[in-house]
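These numbers come from the heavy atoms of this one structure, side chains and all, not from hydrogens, waters or symmetry mates.
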Amino acid sequence: MGNCCSDVGGGMAAVSGAASSAATGNQNDAVDMYLRSHGIHGLFSQIELSFSATSLRDRDVFSKSDPMVVVYIKERDGAINEVFRTEVVLNSLTPTWIAKYTITYHFEVVQNLLFKVFDVDTQYHNVEMKMLKLEEQQSLGEACCTLSEIVTKPNRSLTLDLIRREESVSSTHSQHCGKLTVHAEECFSSKSTADIILRCIDLESKDLFSKSDPFLVISKLVESGISIPVCKTEVLKNDHNPTWKPVFLNIQQVGSKDSPLVIECFNFNSNGKHDLIGKVRKSLADLEKLHLGREGENLYLPTLVGHNYENKILNSKLLVDKFSETAQHSFLDYLAGGFELNFMVAIDFTASNGNPRLPDSLHYIDPSGRLNAYQKAIYGVGEVLQFYDADRRYPAWGFGARPIDGPVSHCFNLNGSSNYCEVQGIQGIMMAYTSALFNVSLAGPTLFGHVINRASVVACDSLSTGAKKYFVLLIITDGVITDLQETKDALVKASDLPLSILIVGVGGADFKEMEILDADKGERLESTTGCIASRDIVQFVPFRDVQNSPSCCCSSRFYYCFRWIVVNIKM
């Protein structure tokens, strides 16, 4: 088996799921483990983009234009990279191109796209498309958007106005150059997921002075005959009759329901050299039959007999205690159904942040335009979520400050209004935040209960009207809360609402109590009345971890937080 688990910690924590996908920055192992154990391997979908245009400019003298679309990715550093070209459609001002561009859609990343339409000159019609020199072709216009803007449309089609590059730079009134329509379709073959509980009986002992420490590895067989691991269970200590936690296998992940799988049972060793106890070869369809027939399958062990290996049938058996199939809806399915993500923000204005007029304050507004930690957190989360909110009006609150001629407030409207709490867009949040710094006195203590209850009211009101909305509350704070139990009570009450809470800790404070609110270790929060939270709705991230991440943009540094938000969506 080799180093299936590189160390004791890794092995003992092994869960079902494929090898972990590439992570951005400091990953949250608990979130990643939870996602992988539920058959989710990254919040992404394969998207196929198709193109059509209307009212293109006619740049040919004796015929119509011969248009081609070129797709570019706009990187965060401003670089523009060409990634795709369609075929050339001859003599058409309303072309529909056949060639389609496949791109991986990431919920947690702002993916900027640039489309350029060219009229390919007649003399180049026999030249291979990828060999065409674009500088020798005439521009019919260009347009840009984000991938999020396309997939959030009800029909996943976005129509863009084409403009000439030189006109867009030199004039605010660009000449009409036609329209380009981009349509997105999700690529998939199966959304079915198998939920399976496996157990073994009468396993043989591989340890000298104790029972074996078994775990399972499930692999798929590919055409070349090699096996590729797709899932593994946790390790169970000293157990010859183990029952493992449920494993979740996406049917697309293994090929098909009839694709052959190899299920191997190993005895865990801390040196990484795990002993093979036995194995079986079954498809998902076979496992379903074992469950329905309530029968076990004997494990076998390849054994060297002379110069050949023979399969020795063991007394040990594999049993399937549960087998069920469910449809695993993607985030795009929610969007197609009219679902929206609504962003809310609450900002800590307690005195521990320091005098906002001094450079060492966490609230200091740098005249050079350099963002402080609060502003970076707002941008990092808001720039992703904004695409999933139709009106982009965001409730924004402050807490822990004394408004002019008033008592300390633990939930005040950031815009200064006494009647409404919403601001327009991310820039509206930034402006309201800056204004509030000069209109309130920083005070204390740090209390979360009030803002969580306020956000819960917003989510509850939306739920009562049947709106298809899910709310994400961003709380940015610099210190330790002093109303821990009141906050727990508010969170337990909110756990049945369409609400998730992302807490970002700024500064160098000890945030251990935040880890209590963030129930990643599996212990649900309990209220003073003994009620248990129906689910974990809090994710905490220290901004110093985010800030030190090597990834290129603030939003991608919150990668695991966004993954956690989507997998915890409760509608």
- Measure the shortest side-chain to side-chain distance between Val109 and Val384 over non-hydrogen atoms and say whether it is less than 4.5 angstrom. no
- Task: Without swapping roles, check the side chain of Ser45 against the backbone of His106 for a donor-acceptor pair under 3.5 Å.
- Result: no
- Heavy-atom nearest pair, Val506 first then Ala373, reads CG1-CB, 3.7 Å
- Message: Just to verify, what does His450 make a ring pair (Phe, Tyr, Trp, His ring centres under 6.0 Å) with, not counting sequence neighbours?
- Response: His410
- Atom CG of Asn155 and atom CD1 of Ile150: how far apart are they, to the nearest 0.5 Å? 11.5 Å
- Item | Within-4.5 Å side-chain heavy-atom neighbours: Leu341 and Val472 | yes
- Are more than 12 heavy atoms from other residues, nucleotides or ligands located less than 6.0 Å from atom CZ of Arg281? no
- Item | side chain to side chain donor-acceptor pair (under 3.5 Å) partners of residues 309-323, not counting sequence neighbours, each pair once | Asp195-Lys322, Arg199-Asp321
- Who pairs with Tyr101 by ring pair (Phe, Tyr, Trp, His ring centres under 6.0 Å), at least two apart in sequence or on another chain? Phe84
- Distance only, no hydrogens: is a donor on one side chain within 3.5 Å (strictly under) of an acceptor on the other, for Asp286 and Ser283? yes
- Task: Measure across Arg535 and Tyr470 and return the closest heavy-atom pair with its distance rounded to 0.1 Å.
- Result: NH1-OH, 3.1 Å
- Query: For Thr152, which residues count as a side-chain contact (heavy atoms from CB on, under 4.5 Å) partner, sequence neighbours excluded?
  - Reply: Leu335, Tyr388
- Task: Could you pull out the closest heavy-atom pair between Ser527 and Val492, with the gap in Å?
- Result: N-CG2, 3.8 Å
- Val480: what forms a side-chain contact (heavy atoms from CB on, under 4.5 Å) with it, not counting sequence neighbours? Glu513
- Query: Ser534 and Ser495: side-chain donor and acceptor closer than 3.5 Å?
  - Reply: yes
- Item | Set of residues satisfying salt bridge (charged side-chain N to carboxylate O under 4.0 Å, His left out) with respect to Glu486, sequence neighbours excluded | none
- Note on the structure: Here the gap from Thr243 atom OG1 to Leu198 atom CG, rounded to the nearest 0.5 Å, amounts to 9.5 Å
- Message: Which heavy atom of Thr104 sits nearest to which heavy atom of Gln111, and what is that distance?
- Response: O-NE2, 2.8 Å
- Query: So do the side chains of Trp244 and Pro246 get within less than 4.5 Å of each other, counting heavy atoms only?
  - Reply: no
- Message: In terms of relative ring orientation, are Tyr394 and Phe343 parallel, tilted or perpendicular, with 30° and 60° separating the classes?
- Response: perpendicular
- Task: Please report the C-alpha distance between Val262 and Leu221 in whole Å, then the side-chain angles of each, then the deciding distance to 0.1 Å, and finally whether the side-chain contact (heavy atoms from CB on, under 4.5 Å) criterion is met.
- Result: CA-CA 7 Å; Val262 176; Leu221 291 174; 4.0 Å; yes
- Side chains of Thr146 and Ser148: donor-acceptor distance under 3.5 Å anywhere? no
- Step by step, work out the side-chain contact (heavy atoms from CB on, under 4.5 Å) result for Phe399 and Thr446. CA-CA 8 Å; Phe399 59 93; Thr446 304; 4.1 Å; yes
- Message: With side-chain contact (heavy atoms from CB on, under 4.5 Å) as the criterion, how do Ile501 and Phe448 come out once you've worked through the C-alpha distance, each side chain's angles and the decisive distance to 0.1 Å?
- Response: CA-CA 11 Å; Ile501 300 172; Phe448 281 5; over 6 Å; no
- Would you tell me whether Gln485 and Thr528 have side-chain atoms, one donor and one acceptor, within less than 3.5 Å of each other? no
- Closest non-hydrogen atom pair, Lys100 against Glu48: CD-OE1, 3.2 Å
- Query: Going from CG on Leu362 to OG1 on Thr477, what distance comes out if it is rounded to the nearest 0.5 angstrom?
  - Reply: 10.0 Å
- Query: Hey, does Tyr379 have a side-chain heavy atom less than 4.5 Å from the side chain of Leu371?
  - Reply: yes
- Note on the structure: So salt bridge (Lys or Arg N to Asp or Glu O under 4.0 Å) across residues 287-306, not counting sequence neighbours, yields Lys257-Glu288, Lys282-Glu297
- Item | Partner set under ring pair (Phe, Tyr, Trp, His ring centres under 6.0 Å) for Phe471, not counting sequence neighbours | none
- Report yes or no: does Ser462 contribute a side-chain atom to a donor-acceptor pair with the main-chain N or O of Val458 at less than 3.5 Å? no
- List in chain and number order the residues that pass side-chain contact (heavy atoms from CB on, under 4.5 Å) with Ala509, two or more places apart in sequence or in another chain; answer none if no residue qualifies. Phe511
- Heavy-atom side-chain contact between Leu203 and Pro242 under 4.5 Å: yes
- Inter- and intrachain pairs under ring pair (Phe, Tyr, Trp, His ring centres under 6.0 Å), touching residues 477-505, at least two apart: none
- By side-chain contact (heavy atoms from CB on, under 4.5 Å) - contacts of Ser259 (at least two apart): Ser256
- Message: Measuring from atom NZ of Lys206 to atom NE2 of His274, what distance do you get when rounded to the nearest 0.5 angstrom?
- Response: 14.5 Å
- Drop me the distance from Lys74's NZ to Leu113's CG, to the nearest 0.5 angstrom. 9.5 Å
- Message: Distance check, rounded to the nearest 0.5 Å: Asp239 atom CG versus Asp213 atom CG?
- Response: 9.0 Å
- Taking all non-hydrogen atoms of both residues into account, name the closest pair between Asp202 and Asn241 and its distance. N-OD1, 2.9 Å
- Any side-chain heavy atom of Lys488 within less than 4.5 Å of one from Ile516? yes
- Message: Can you list everything that forms a salt bridge (charged side-chain N to carboxylate O under 4.0 Å, His left out) with Glu204? Sequence neighbours excluded, please.
- Response: none
- Message: For a 4.5 angstrom cut-off between non-hydrogen side-chain atoms, does Val320 reach Ile196?
- Response: yes
- Return yes if some donor-acceptor pair links the side-chain N/O of Ser192 with the main-chain N/O of Thr326 below 3.5 Å, else return no. no
- Query: Is any side-chain heavy atom of Ser219 less than 4.5 Å from a side-chain heavy atom of Glu264?
  - Reply: yes
- Under the side-chain contact (heavy atoms from CB on, under 4.5 Å) rule, what do Ile475 and Val504 come out as? Steps first, then yes or no, please. CA-CA 6 Å; Ile475 300 177; Val504 176; over 6 Å; no
- Task: Please confirm whether the backbone N or O of Ser212 pairs with a side-chain atom of His240, one donor and one acceptor, at under 3.5 Å?
- Result: yes
- Are the side chain of Asn112 and the backbone N or O of Ile73 linked by a donor-acceptor pair below 3.5 Å? no
